[in-house]
Amino acid sequence: MAFEGLTTRLQNVFGKLRGKGKLSEDDVNDAMREVRLALLEADVNFKVVKEFIAKVKEKAVGQDVTKSFTPGMVVIDIVNKELIELMGGTQAKLAKSNRPPTVVLMAGLQGAGKTTLTGKLAKLLQSQNHKPLLVAGDIYRPAAIKQLQVLGDSINVPVFTLGDQVSPVEIARQGVQQAKEQGNDYVLIDTAGRLQIDEALMEEIKRIHEAVKPDEVLLVVDAMTGQEAVNVAKSFHEQLALTGVVLTKLDGDTRGGAALSVKAVTGCPIKFASTGEKIDQLEAFHPDRMASRILG
Ligand code: GDP
């Protein structure tokens, strides 16, 4: 798992604090300076870092850590709680419509891992006794339809496609219709991505959104791209009212910036973390577990 650099740095800071019987205000300030640098180096948004440090300091003063018998532990506990808050507090679950099917629209840039995630989510839903239908709405990337079909076949989940000559809006609409007719309780619509955000991409996905009124709009972002992932999330959210973010490639050499900034910057919770290329490498995103991993 990722975040090694950040974890090592935080462990150093907290190691020093733990070793001290009493903490002066200067000790706390020094430690916070180091935590601040560690977060910035992990590519966390600078405003997010500033607010985070301010909150931790305020709580440290409020709880008067300098008078505590285990001041280091108290500071670590405060940091842990604030990290959890920063990532959304509690686990944000996938939407479930009380009038099935639940329609999930996938958004994101090309290469972020959208198609892979669509397959992974189908597998996860299947393991929870749901009956998902996949809809191949990415008609532009060569082989995207085939990729989804191969994924679907591998887990025995049906894939709805109308080839690459019909508009994605129509494909999405008919896909949802088919799910209704065949009793699928989840419809996962894969959509096209571009290398960067462009107007045509936004316009098209907005039209799909209007046509199928999804219960869930998941933005898939590559966590390896750090702050860029957060910027992408912000732009998409401004145009498309996202309901959740999925971080992919958390198995890679990720510094942590995306995981720690996305919720604070966009207000949108992270719902899942993708940790590899295999179809079962998907986890629900738990802020508390992620905070423990970060703190090591
Ligand atoms: P799309 O263009 O957004 O549909 O992206 P794809 O689903 O085709 O994924 C792009 C590449 O990233 C593929 O080679 C995937 O195998 C890979 N990929 C997707 N998710 C992950 C992940 O969580 N970890 C790693 N290491 N690779 C991933």
Side-chain angles (χ1 to χ4, degrees), residues 1-3 39 42-45 47-48 52 83-96 102-122 124-125 138 186 188-194 196-197 201-202 205-206 208-209 214-252 254-276 281-291 293-294:
M1 189 57 164
F3 309 155
L39 291 173
D43 202 21
V44 181
N45 174 288
K47 269 195 207 151
V48 172
F52 179 85
L83 281 176
I84 295 171
E85 263 326 289
L86 191 58
M87 290 184 283
T90 53
Q91 194 219 329
K93 296 217 165 79
L94 188 71
K96 184 169 184 243
T102 302
V103 178
V104 184
L105 185 61
M106 306 291 181
L109 299 184
Q110 186 169 321
K114 230 179 310 101
T115 306
T116 309
L117 189 267
T118 308
K120 287 179 172 188
L121 199 53
L124 186 75
L125 286 166
D138 181 358
Y186 271 89
L188 311 183
I189 305 172
D190 189 21
T191 64
R194 304 286 193 277
Q196 66 216 16
I197 294 168
L201 164 76
M202 279 299 175
I205 199 159
K206 277 190 206 166
I208 298 176
H209 192 284
D215 304 285
E216 181 88 76
V217 185
L218 289 180
L219 179 74
V220 182
V221 290
D222 178 345
M224 303 254 279
T225 62
Q227 277 321 288
E228 191 43 35
V230 179
N231 293 336
V232 168
K234 201 162 172 257
S235 312
F236 266 89
H237 195 39
E238 278 159 12
Q239 307 225 30
L240 200 65
L242 304 172
T243 57
V245 174
V246 179
L247 292 180
T248 64
K249 309 186 192 182
L250 275 173
D251 50 310
T254 317
R255 284 185 290 169
L260 287 167
S261 317
V262 157
K263 174 67 172 58
V265 172
T266 66
C268 224
I270 300 168
K271 295 201 168 174
F272 295 97
S274 171
T275 55
Q281 288 175 314
L282 180 69
E283 299 171 15
F285 186 85
H286 293 274
D288 54 346
R289 288 184 206 165
M290 195 53 88
R293 276 189 201 170
I294 291 170

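Values reported hereafter were calculated over all heavy atoms of this structure, with side chains retained and with hydrogens, waters and symmetry mates removed. Since this is a predicted model, take the numbers as computed values, not measurements.
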So, does [X] use its side chain to make a donor-acceptor pair with the main chain of [Y] at under 3.5 Å?
X      : Y      : result
Lys114 : Asp190 : no
Thr248 : Val221 : yes
Lys263 : Cys268 : no
His286 : Gln91  : no

Measure the spacing between [atom1] of [X] and [atom2] of [Y] and express it to the nearest 0.5 Å.
X      : Y      : atom1 : atom2 : result
Leu39  : Arg255 : CG    : CZ    : 12.5 Å
Asp222 : Leu250 : CG    : CG    : 9.0 Å
Asp288 : Glu85  : CG    : CD    : 11.0 Å
Leu125 : Lys120 : CG    : NZ    : 14.0 Å
Thr116 : Lys249 : OG1   : NZ    : 8.0 Å
Ile189 : His209 : CD1   : NE2   : 10.0 Å

Is there side-chain contact between [X] and [Y], with heavy atoms separated by less than 4.5 Å?
X      : Y      : answer
Lys206 : Leu240 : yes
Leu260 : Phe52  : no
Val246 : Leu121 : no
Val217 : Ile205 : no
Thr266 : Leu242 : no
Met290 : Leu247 : no
Leu94  : Glu216 : yes
Thr225 : Val232 : no

Minimum heavy-atom distance between [X] and [Y], given as atom pair plus value:
X      : Y      : result
Ala258 : Ala229 : CB-CB, 4.2 Å
Asp251 : Ser274 : OD1-O, 4.2 Å
Ala291 : Ile84  : CB-CG1, 3.6 Å
Phe272 : Ala284 : CD2-CA, 3.8 Å
Gly256 : Phe3   : CA-CE2, 2.9 Å

Would Phe236 and Leu201 count as a side-chain contact (heavy atoms from CB on, under 4.5 Å) if you check the C-alpha gap in whole Å, the side-chain angles of each, and the deciding distance to 0.1 Å?
CA-CA 10 Å; Phe236 266 89; Leu201 164 76; 4.0 Å; yes

Between Glu283 and Arg289 (salt bridge meaning N to carboxylate O under 4.0 Å), is one present in this structure?
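Salt bridge flag = no for Arg289 with Glu283.
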
Using a 3.5 Å cut-off and no angle test, enumerate the donor-acceptor pairs between side-chain atoms of residues 103-113 and protein atoms at least two apart in sequence or in another chain.
none

Using the side-chain hydrogen bond (donor to acceptor under 3.5 Å, both in side chains) criterion, which residues pair with Ser261? Sequence neighbours excluded.
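Scan of Ser261 (side-chain hydrogen bond (donor to acceptor under 3.5 Å, both in side chains), adjacent residues dropped) gives Gln227.
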
With side-chain contact (heavy atoms from CB on, under 4.5 Å) as the criterion, how do Ile294 and Met87 come out once you've worked through the C-alpha distance, each side chain's angles and the decisive distance to 0.1 Å?
CA-CA 12 Å; Ile294 291 170; Met87 290 184 283; 4.2 Å; yes

Partners meeting salt bridge (charged side-chain N to carboxylate O under 4.0 Å, His left out) with Asp215 (sequence neighbours left out)
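Partners of Asp215 by the salt bridge (charged side-chain N to carboxylate O under 4.0 Å, His left out) criterion come out as none, since no residue qualifies.
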
